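Values in this document were obtained by computation on a predicted structure and should not be read as measured data.
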Amino acid sequence: EVQLVESGGGLVQAGGSLRLSCAVAGATLNDFTIGWFQQAPGKEREGVSCINSRVGTTYYSDSMKGRFTISSDNGENTVYLQMSSLKPEDTAVYYCIADTSWQVNYVCQSPYVDYWGRGTQVTVAS
């Protein structure tokens, strides 16, 4: 079984930075597309960024492009999301996800992914 454990969330001022970590157990990073979804109060979960280490592809939502960077560390079996220039509208629970598909654009644009982490809260204050 694949287990995803998120960490790194917290409270940050607008314009600040955070780095989220997703530790993957039960699989290597090359076995799955790994990514991040966000869910703000009263809204559906939306894809933020996804990466497939084997294919070497990434996806970013339009609102995150240029501000967030996703990366992988095969030695630590961990995927990171470096978030910069944070905005109050980025406030949400961020979930790590994994999917067997190699197509990062489809994975990040569909709520029907194979595995979900439990989430980590990110709060951006003005």
Got a sec: does the OH of Tyr80 have more than 12 other heavy atoms crowding it under 6.0 Å?
-> yes
Check: Cys96 main-chain N/O paired with Glu6 side-chain donor or acceptor under 3.5 Å | yes
For Asp99, which residues count as a salt bridge (Lys or Arg N to Asp or Glu O under 4.0 Å) partner, sequence neighbours excluded?
-> none
Asp62/Lys65 ion pair, N-O < 4.0 Å = yes
Please tell me if the side chains of Val24 and Phe32 come closer than 4.5 Å, counting only heavy atoms from C-beta onward.
-> no
What pair of heavy atoms forms the shortest contact from Gln82 to Ser17, and how long is it?
-> NE2-CB, 4.0 Å
Side-chain donor/acceptor of Thr120 to backbone N/O of Ser7, under 3.5 Å = no
Would you give the length of the straight line joining atom CG of Asn74 to atom CG of Asn30, rounded to the nearest 0.5 angstrom?
-> 5.5 Å
Cluster link Leu81 to Val12, ILVMFWY, side chain under 4.5 Å = yes
Would you mind reporting whether Val122 and Met83 have side-chain heavy atoms less than 4.5 Å apart?
-> yes
Candidate list Leu11, Leu18, Val93, test side-chain contact (heavy atoms from CB on, under 4.5 Å), partner Thr123, passing option = Leu11
Which heavy atom of Gln38 sits nearest a heavy atom of Ala92, and at what distance?
-> CB-CB, 3.9 Å
Would you check if the side chain of Thr78 reaches a backbone N or O of Glu76 as a donor-acceptor pair within less than 3.5 Å?
-> yes
For the atom pair CD1 (Ile70) and SG (Cys108), what is the distance rounded to the nearest 0.5 Å?
-> 7.0 Å
Contact check, side chains of Phe68 and Leu86, non-hydrogen atoms, under 4.5 Å = yes
State the CG-OH distance between Leu20 and Tyr94, to the nearest 0.5 angstrom.
-> 7.5 Å
Pairwise distance CG(Asn105) to OG(Ser61) - rounded to 0.5 angstrom | 13.0 Å
Mind checking whether Val79 and Leu29 have side chains closer than 4.5 Å, heavy atoms only?
-> yes
Pick out which of Tyr95, Trp116, Tyr112 makes a ring-ring contact (aromatic ring centres under 6.0 Å, His included) with Phe37.
-> Trp116
Answer whether the closest heavy-atom distance between the side chains of Cys50 and Trp36 falls below 4.5 Å.
-> no
Does anything in residues 40-61 pair up under salt bridge (Lys or Arg N to Asp or Glu O under 4.0 Å), and if so which pairs, sequence neighbours excluded?
-> none
Would you indicate whether the side-chain heavy atoms of Ile97 and Ile34 approach each other to under 4.5 Å?
-> no
hydrophobic_cluster_shared for Val2 and Val107, side chain cutoff 4.5 Å = no
Please examine the side chains of Met64 and Asp90, heavy atoms only from C-beta on, and report whether any two atoms are closer than 4.5 Å.
-> yes
CD/Gln109: more than 12 non-hydrogen atoms of other groups inside 6.0 Å = yes
Checking Asn52 side chain against Val104 main chain: does a donor-acceptor pair fall under 3.5 Å?
-> no
How close do Pro88 and Ala14 get, heavy atom to heavy atom, and via which atoms?
-> CD-CB, 4.2 Å
Partner set under salt bridge (Lys or Arg N to Asp or Glu O under 4.0 Å) for Arg19, not counting sequence neighbours | none
Shortest non-hydrogen contact between Gln103 and Thr33, atoms and distance | N-OG1, 4.3 Å
Report yes if some heavy atom in the side chain of Tyr60 is under 4.5 Å from a heavy atom in the side chain of Thr69; otherwise report no.
-> yes
